[in-house]
Amino acid sequence: MDNIFDRTALLLGKDGLERLRDSRIIVLGVGGVGSWAAECLIRTGVGHLTIVDPDMVSATNINRQLMATTATVGKPKAEVLKDRLLEINPEAEIKVRTESFTPESAHTFNLQSYDYVIDAIDSLKDKAELILLATSVGVPLLSSMGAALKLDPTRIHVAEFWDVKGCPLARALRQRFKRNKTYPKTKFKCVYSDELLQNVFTSSETCDYKAQINGSLCHITAIFGMTLAGIAVKGLINLK
């Protein structure tokens, strides 16, 4: 299977490719952001990937989530994504956890065993718990801020968490940390956009961890996911 990574090796070298093959990454949440991050990592040559998501594919996922098609509606997102990733690289080790990362289950994830943690969780409570745990055990963390209500790809940025500006999700997380007097132990990078549009249509869709369902688009969520994966790849091969 080496030939599928020839173009990767041309740019990163054999040593870089080996580092990717030996690396272990966990992606928590494989929706509009996390699914694209996972595919980018596997296509680039990451050898060991864990994907975490409890949800089933729904018709409303099709506009932005990698594995969501009319043929996969009703199937577990993480399992469908695993099948696709193994079609790309059958030699990759893909582990699936069809469950949520929560404060109650956090201790079972052994985050310190990974080279990178990629956070693409939607739930504020669960996202805050992941940030606190990942930074406390010292594993490199990359986090997606809110990707909904965005249209302009040129307004997507990367910044350290406390420097993120114009993102309601980042603001809500900071307020939560300050209110609870619990703070991330280390700095970590976030992908975010300072654009904030409004829904122009009211949906009947509901979600048990969101007060409101917001519109989102594939090109934005995919850029978020690809950017997270790209930062991880760069870190793994130590490009200057």
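Keep in mind it's a predicted model, so treat the numbers as computed, not measured.
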Look at the side chain of [X] and the backbone N and O of [Y], then say whether any donor-acceptor pair between them is shorter than 3.5 Å.
X	Y	value
H48	V46	no
H219	D152	no
D53	V30	yes
R24	S113	yes
K127	S144	yes
T135	P184	no
D115	I25	no
T72	K77	no
D83	V80	no

What is the distance from atom [atom1] of [X] to atom [atom2] of [Y], rounded to the nearest 0.5 Å?
X	Y	atom1	atom2	value
S100	E129	OG	CD	13.0 Å
I94	I42	CD1	CD1	3.5 Å
T102	H107	OG1	NE2	9.0 Å
E93	T50	CD	OG1	7.0 Å
E18	I237	CD	CD1	13.5 Å
N214	Q198	CG	CD	8.5 Å

In terms of relative ring orientation, are F188 and F161 parallel, tilted or perpendicular, with 30° and 60° separating the classes?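 If you compare the ring of F188 with that of F161, the planes turn out parallel.
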Report yes or no: do [X] and [Y] belong to one cluster of Ile/Leu/Val/Met/Phe/Trp/Tyr joined by side chain heavy-atom distances under 4.5 Å?
X	Y	answer
I121	F177	yes
M56	M67	no
L151	W36	no
L81	L86	yes
L197	V164	no

Does the side chain of [Y] come within less than 4.5 Å of [X]'s, by heavy atoms?
X	Y	result
L11	R7	no
L173	M145	yes
Q175	K178	no
N110	Q112	yes

So, S216 versus R64: side-chain donor-acceptor pair below 3.5 Å or not?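 The answer is yes; a qualifying pair exists.
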Compute whether any side-chain donor of one residue and acceptor of the other, for R97 and T108, lie under 3.5 angstrom apart.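 Short answer, yes.
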May I ask you to say whether K165 pairs ionically with D194, meaning some side-chain N is under 4.0 Å from a carboxylate O?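 Between D194 and K165 there is no salt bridge, as every charged N stays at least 4.0 Å from the carboxylate O atoms.
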Charged N to carboxylate O below 4.0 Å: is that the case for E79 and K82?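 Salt bridge flag = no for K82 with E79.
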If you count the non-hydrogen atoms of other residues, nucleotides and ligands that lie under 6.0 Å from CZ in R179, is the total more than 12?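 Correct, the count exceeds 12.
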Taking everything shown except K187 itself, do over 12 heavy atoms lie less than 6.0 Å from its NZ?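 Atom NZ in K187 is not crowded, with 12 or fewer foreign heavy atoms closer than 6.0 Å.
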Smallest separation among heavy atoms of [X] and [Y], with atom names:
X	Y	result
H157	R155	CD2-O, 3.0 Å
L169	G146	CD2-N, 3.5 Å
P103	D126	CD-OD1, 3.4 Å
L17	A9	CD2-CB, 4.0 Å
S58	T60	OG-OG1, 2.9 Å
L85	L49	CD1-CD2, 3.9 Å

Do you know which of I131, V27, I26, V137 makes side-chain contact (heavy atoms from CB on, under 4.5 Å) with V117?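 Testing V117 for a side-chain contact (heavy atoms from CB on, under 4.5 Å) against I131, V27, I26, V137 leaves exactly one candidate, I26.
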Between L28, T98, L130, which is the residue that forms a side-chain contact (heavy atoms from CB on, under 4.5 Å) with V52?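 Single side-chain contact (heavy atoms from CB on, under 4.5 Å) partner of V52 among L28, T98, L130: L28.
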I'd like to know whether E87 forms a salt bridge (charged side-chain N to carboxylate O under 4.0 Å, His left out) with R84, so could you lay out the CA-CA distance, the side-chain angles of the two residues, the decisive distance to 0.1 Å, and finally the verdict. CA-CA 5 Å; E87 288 181 356; R84 176 179 171 87; 6.0 Å; no
Using the rule given for side-chain contact (heavy atoms from CB on, under 4.5 Å), can you reason through L236 versus R19, listing the C-alpha separation, both sets of side-chain angles and the distance that settles it, and then say yes or no? CA-CA 7 Å; L236 287 167; R19 283 194 286 275; 5.5 Å; no
Could you go through the side-chain contact (heavy atoms from CB on, under 4.5 Å) check for V73 and I62 one step at a time? CA-CA 9 Å; V73 169; I62 293 174; 4.1 Å; yes
Side chain to side chain contact (heavy atoms under 4.5 Å, CB included) partners of P168, counting only residues at least two apart: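 If we apply the side chain to side chain contact (heavy atoms under 4.5 Å, CB included) test to P168, skipping adjacent residues, the hits are R171, L196.
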Donor-acceptor contacts, no H, no angles, side chain residues 223-232, under 3.5 Å, sequence neighbours left out:
from: T227; atom 1: OG1; to: I223; atom 2: O; distance (Å): 2.6

If you apply the rule side-chain contact (heavy atoms from CB on, under 4.5 Å), what do you find for F101 with L133, and how did you get there? CA-CA 11 Å; F101 177 96; L133 179 58; 4.0 Å; yes
